[in-house]
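Beneath this line is the structure, given in structure tokens, with notes to follow.
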Amino acid sequence: MLINVKKNSVCISGYDFAAVLEWFAERVDRIILLFDAHKLDISDEFSEVIRALKNHEDKMRVVLNKADQIGTQQLMRVYGALMWSLGKIVNTPEVIRVYIGSFWAQPLLVPDNRKLFEAEEQDLFRDIQGLPRNAALRKLNDLIKRARLAKVHAYIISSLKKEMPNVFGKENKKKELIANLGEIYAKIEKEHQISPGDFPKLNFTKFQGLKPKLLEAVEDMLANDIAKLMTLVRQEEAAMPSQAVQGGAFDGTMNGPFGHGYGEGASEGIDELEWIVARDKPTYDEIFYTLSPVNGKVSGAMAKKEMVKSKLPNNVLGKIWKLADVDKDGYLDDEEFALANHLIKVKLEGHELPADLPDHLVPPSKRGL
């Protein structure tokens with residue numbers, strides 16, 4: 001289940017919208033906050049809504065939508081302003097994930113950042129599609145959170161109970177305790193090494209005393225039972241069929257010619273009959289024959305002298321060598337050398353290298369191997 005919160009949807013009369021959001025936030029798997037890149041502002045009402053989602057920051061994701069309506073330089077400014085504004089409202093050590101894009105089916109007004117938008121869209125889709133797989137783990141985390149909160153409240157209630165007089169002056173003492181709740185909580189936090197929590201709105205005179213056995217049971221659950229449950233959840237997830245959100249915008253996003261990265265980088269030439277590397281092979285051949293090949297092949301040492309000119313890190317060049325040495329003989333012939341240079345070009349253009357050499361990049365003479 002998702003909460004989709006827009007900054008222009010918070011002015012609803014008749015009920016406490018922030019309280020309603022908090023109720024939903026406790027029960028959903030993901031909360032998405034939507035901002036428009038071309039008119040970014042966080043109103044006081046929207047700020048209150050975000051504050052109402054306190055303690056659910058781990059569920060929050062931010063979408064900076066309509067980013068195609070501004071240029072790259074302005075988009076950088078807007079992104080920085082958004083992160084600065086959120087930092088004042090959401091007090092968490094981790095930065096909230098922000099997805100940048102134009103999430104509608106209309107042509108991009110400013111197409112400069114098309115690849116960025118496509119990559120961000122796929123990341124957001126993967127995050128949403130992965131929600132069913134992690135549902136049990138999230139419920140377990142909620143259980144842990146509630147158990148810790150119950151533990152904190154037990155210490156608070158016990159401390160307040162101790163401060164209450166037995167017979168006279170109860171009303172005055174309650175007022176005094178209410179006025180000094182911050183100091184009392186700081187004392188409890190320091191004494192018991194616990195995290196801050198919400199103070200309960202209850203009548204102190206009706207609090208029950210602290211029950212050590214119950215606290216011991218909670219401690220044992222957090223320390224032992226939860227660890228066992230985590231293991232069981234992982235085992236159950238591994239045994240179950242893979243689950244993912246399907247339908248709607250998710251249909252066709254991973255496959256076909258309009259999937260992210262299709263026909264680009266290492267995937268370029270995937271639908272062509274001609275070996276894509278052959279286009280630049282004459283240029284690569286000129287370099288190849290300057291390396292004094294023996295029996296039509298150059299050694300790794302000779303190839304390295306040329307490959308390091310790309311200034312790519314050694315670990316990247318090592319991966320390129322492994323992909324290009326198709327027959328695994330420790331040498332490169334003219335086709336493999338051309339392939340290595342093609343992969344260097346792919347990497348220098350900002351694309352990722354494939355984990356395994358795609359079929360369309362295998363040199364023609366090696367396709368029978």
Side-chain angles (χ1 to χ4, degrees), residues 72 111-123 125-127 129-130 238 242 244 252-369:
T72 303
D112 299 355
N113 299 306
R114 182 187 186 93
K115 289 185 179 180
L116 171 64
F117 297 161
E118 290 176 353
E120 291 287 278
E121 181 183 84
Q122 292 302 315
D123 285 350
F125 281 3
R126 277 192 291 267
D127 180 72
Q129 286 182 309
S242 179
T253 59
M254 302 303 293
N255 303 311
F258 296 99
H260 176 58
Y262 189 94
E264 302 174 0
S267 296
E268 185 181 2
I270 190 171
D271 293 328
E272 299 181 19
L273 297 176
E274 182 186 8
W275 188 39
I276 187 66
V277 183
R279 295 179 183 178
D280 299 315
K281 191 172 183 296
T283 302
Y284 300 144
D285 284 348
E286 291 180 9
I287 302 172
F288 178 78
Y289 289 109
T290 64
L291 300 177
S292 303
V294 177
N295 296 325
K297 296 186 176 184
V298 295
S299 65
M302 295 301 295
K304 178 180 177 181
K305 292 180 181 180
E306 182 62 31
M307 293 171 68
V308 294
K309 293 179 181 179
S310 66
K311 297 183 180 179
L312 289 173
N314 283 344
N315 62 323
V316 175
L317 292 175
K319 184 174 183 179
I320 291 174
W321 171 272
K322 184 177 179 181
L323 292 170
D325 185 14
V326 179
D327 54 14
K328 309 301 178 188
D329 64 349
Y331 295 86
L332 299 182
D333 59 22
D334 60 321
E335 287 184 331
E336 292 173 323
F337 182 79
L339 174 60
N341 281 275
H342 177 77
L343 293 173
I344 288 174
K345 177 185 174 184
V346 167
K347 187 62 179 176
L348 290 176
E349 289 177 348
H351 302 284
E352 293 299 318
L353 294 172
D356 299 298
L357 190 66
D359 292 341
H360 71 283
L361 287 183
V362 176
S365 65
K366 305 291 193 299
R367 292 180 181 177
L369 298 179

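Below, all heavy atoms of this structure are taken into account, side chains as well, without hydrogens, waters or symmetry copies.
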Could you grab the distance from atom CD of Glu352 to atom OG of Ser267, nearest 0.5 Å is fine?
12.0 Å
Side-chain heavy atoms of Lys319 within contact of Leu343, under 4.5 Å
no
Closest approach of Glu306 and Phe337, non-hydrogen atoms and distance?
CG-CZ, 4.0 Å
Would you say Asn315 has more than 12 foreign heavy atoms packed within less than 6.0 Å of its CG?
yes
Rounded to the nearest 0.5 Å, what separates atom CG in Asp356 from atom CG in Leu323?
7.5 Å
Taking the basic N atoms (NZ, or NE/NH1/NH2) and the acidic carboxylate oxygens, is any pair closer than 4.0 Å for Lys366 and Asp333?
yes
Pair Gln122, Phe117 - check side chain to side chain contact (heavy atoms under 4.5 Å, CB included), show working.
CA-CA 9 Å; Gln122 292 302 315; Phe117 297 161; over 6 Å; no
Spatial distance of atom CG (Asn113) from atom CD (Glu120) [nearest 0.5 Å]
10.5 Å
What is the distance from atom CZ of Arg126 to atom CD of Gln129, rounded to the nearest 0.5 Å?
9.0 Å
Going through the distances and angles, do Glu264 and Lys115 end up as a side chain to side chain contact (heavy atoms under 4.5 Å, CB included)?
CA-CA 10 Å; Glu264 302 174 0; Lys115 289 185 179 180; 3.8 Å; yes
Quick one: pull up CG in Leu357 and CG in Asp325 and give me the separation to the nearest 0.5 Å.
11.0 Å
Nearest heavy-atom approach of Met302 to Leu291 is CE-O, 3.2 Å
Rounded to the nearest 0.5 Å, what separates atom CG in Asn341 from atom CG in Asp285?
10.0 Å
Are there more than 12 heavy atoms of other residues, nucleotides or ligands under 6.0 Å from atom NZ of Lys328?
yes
Is it the case that the side chain of Trp275 and the backbone of Leu361 share a donor-acceptor pair, with hydrogens and angles ignored and the cut-off at 3.5 Å?
yes
State plainly whether the residues Asp334 and Lys297 are in salt-bridge range, i.e. N to O under 4.0 Å.
no
Looking at Leu348 and Ser310, what are the two nearest heavy atoms and their distance?
CD2-O, 3.9 Å
Short side-chain to backbone donor-acceptor contact, His360 and Ala266, under 3.5 Å
yes
Closest heavy-atom pair, Leu312 versus Leu317, reported as atoms and distance to 0.1 Å, is O-CD1, 3.6 Å
Determine, for Glu335 against Lys281, whether the closest basic-nitrogen to carboxylate-oxygen distance falls under 4.0 angstrom.
no
Show, in sequence, the C-alpha distance, side-chain angles and deciding distance for Glu272 and Arg279, and conclude whether the side chain to side chain contact (heavy atoms under 4.5 Å, CB included) test is met.
CA-CA 12 Å; Glu272 299 181 19; Arg279 295 179 183 178; 2.7 Å; yes
4.5 Å side-chain heavy-atom contact, Val326 and Leu339:
yes
Does CG belonging to Asp359 count more than 12 external heavy atoms closer than 6.0 Å?
no
Does some side-chain heavy atom of Glu268 sit less than 4.5 Å from a side-chain heavy atom of Val346?
no
With the side chain counted from C-beta on, respond yes when Val298 and Tyr331 share a heavy-atom pair under 4.5 Å apart, and no when they do not.
no
Over all heavy atoms of both residues, which pair between Trp321 and Ala303 is shortest? Give the atoms and the distance, please.
CZ3-CB, 3.8 Å
